[in-house]
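These numbers come from a predicted model, not from an experiment. Here is how names work: the chains are called A, B, and so on, in the same order as the sequence lines, proteins then strands, and each is numbered from 1. Only this structure's heavy atoms are used, side chains among them; waters, hydrogens and symmetry mates stay out.
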There are 2 protein chains.
Amino acid sequence: MSENVGRWLRDEIENAILSNEFSPGERLDEMVLATRFGVSRTPVREALMQLDAIGLIEIRPRRGAVVIDPGPHRIYQMFEVMAELEGLAGSLAARRLDEESREAIAATHSRCEQSASAGDSDAYYYANEEFHKAIYAASRSDFLEEQCVQLHRRLRPYRRLQLRVRNRLSTSFSEHCAIVDAIFAGDGDEARRLLRGHVGIQGERFSDLVASMAAR
Amino acid sequence: MSENVGRWLRDEIENAILSNEFSPGERLDEMVLATRFGVSRTPVREALMQLDAIGLIEIRPRRGAVVIDPGPHRIYQMFEVMAELEGLAGSLAARRLDEESREAIAATHSRCEQSASAGDSDAYYYANEEFHKAIYAASRSDFLEEQCVQLHRRLRPYRRLQLRVRNRLSTSFSEHCAIVDAIFAGDGDEARRLLRGHVGIQGERFSDLVASMAAR
DNA sequence: GTCAATCATCGTGTATACAAGAGTAACATT
DNA sequence: AATGTTACTCTTGTATACACGATGATTGAC
């Protein structure tokens, strides 16, 4: 638990939203949250203000807070931006790669390989996250890294859904291989292009996402 | 003034920061702000929490809030991301352009032309902002538009500084012309490439920025 | 004279109290 | 029976009170 309750609550509620414990559209009652976490309304309100600023919830004046429901269209737009940012991160990583980042990418990449060959979707999900974060870090751009991490967190639930699609796991890994090759070869343009394709959800992958969202 | 004081204060303090009324590194005393705006500490705190979540200030536990000083390096990174997002907006705009957006872009573009030929740097600054916002809107991606607007706001002070550089005004406008041509021609790749170059601060333009920042 | 330790003061963190608007249900009127 | 109005309740918005930690000053010792 963080040093101040407000910060802690923000993370707690954020995780609850991202893990779908609080469903989109659900009303967040301040008093309910306060009693649930054993605190007063004040830090709860401060946490909600922050989540509103981030865009995870919407506080309608005098009418309380509700979890935002992005909807398929907006999620597609978020993936579109994510693809662009990851592409930039990849191109910068290819140009600026140093030994430390190279090792981090190689290590997370091999963890992906193990999980993929074992067919372990959950393990791959975590290894995949580390792999992408290693690329963000390798971009040597703190701001870009922060933006990527933040957007990645918001898309995490949907990225997970995507992995459940048939054959997506092995396809994803082979794309990783090409990305690693491009970055290690210093080919920024190619890394950018591949990452855009890897992250974006073009064509049928969008329908797959909508279908798995509806399945819940 | 918005319907609730907290929201209003957030905008008020945000503007004060972006207009450099509160300098980077400056301490924001809750009680001082409260008396200045004639409210209690509660809504002030809520506003500060939101600004912290956005990244404009940093709240160190038990030690108060300070305005974040991005520093030249980080500002460069922010422009880098901004260039990428604007490039995406431009490419989408080129592909999806409809009559309404086309007229909005043409209108703001001609306002830029008037200001540029009059040599009015301030007027160009405002017209330029509208021009870029017209492109964001033309992308037909709400999420991208929001991200662009938000980042644009944070970079606004520095964009203004850039315009003061010798000849930058006419150079900027001629770049606009090429961008408009590409978008209207439906050439997404070219629009992306041009916007990246137009927004980014490569090479000497970065030194120019650092110099004008130091001049204040 | 300088450094360290302790105490005082100031500001933040949280709780609670109070005010006011929005939702809801019941009653009356058509 | 349906609709409109009114009153009540519940939740949010703001203020204030209190507690605790951090910073700084002062005093003492070396």
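- For B/Thr42, no side-chain nitrogen or oxygen approaches OP1 or OP2 of D/dT14 to under 4.0 Å.
- In this structure, B/Arg160 is positioned above the aromatic face of B/Tyr125, its NZ or CZ under 6.0 Å from the six-membered ring centre and within 45° of the axis.
- Atom pair B/Trp8:CH2 and D/dG13:P shows a separation of 17 Å (rounding to whole Å applied).
- Nearest to the side-chain atoms of B/Val5 among the listed nucleotides C/dT14, D/dT14, D/dG13 stands D/dT14.
- A/Arg63 comes within 4.0 angstrom of sugar-phosphate atoms only, judged by non-hydrogen atoms across all strands, and of no base.
- The CD1 atom of B/Ile59 sits 13 Å away from the C1' atom of C/dG11 (whole-angstrom rounding).
- Distance from the side chain of B/Ser40 is smallest for D/dA15 among the nucleotides C/dT14, D/dA15, D/dT12.
- Regarding A/Arg7, its CZ atom lies at a distance of 15 Å from the C1' atom of C/dT14, rounded to whole Å.
- Rounded to an integer number of Å, the gap from CZ of A/Arg41 to P of D/dC10 is 15 Å.
- The interatomic distance linking B/Arg45 (CZ) with D/dA15 (P) rounds to 14 Å, in whole Å.
- Between B/Arg140 and B/Ser101, the side chains place a donor N or O and an acceptor N or O closer than 3.5 Å (distance only, hydrogens not considered).
- Distance, B/Met49 CE to D/dT14 C1': 17 Å, rounded to whole Å.
- Computed from coordinates, the A/Arg62 CZ to D/dT12 P distance equals 10 Å when rounded to whole Å.
- Summarising the geometry, the separation between CZ on A/Phe37 and P on C/dG13 is reported as 20 Å, rounded to the nearest angstrom.
- Atom CZ of B/Arg60 has more than 12 neighbouring heavy atoms from other residues, nucleotides or ligands inside a 6.0 Å radius.
- At the phosphate of D/dT12, OP1 or OP2 sits under 4.0 Å from a side-chain N or O atom of A/Arg27.
- A side-chain donor-acceptor contact under 3.5 Å links A/Tyr136 and A/Glu86.
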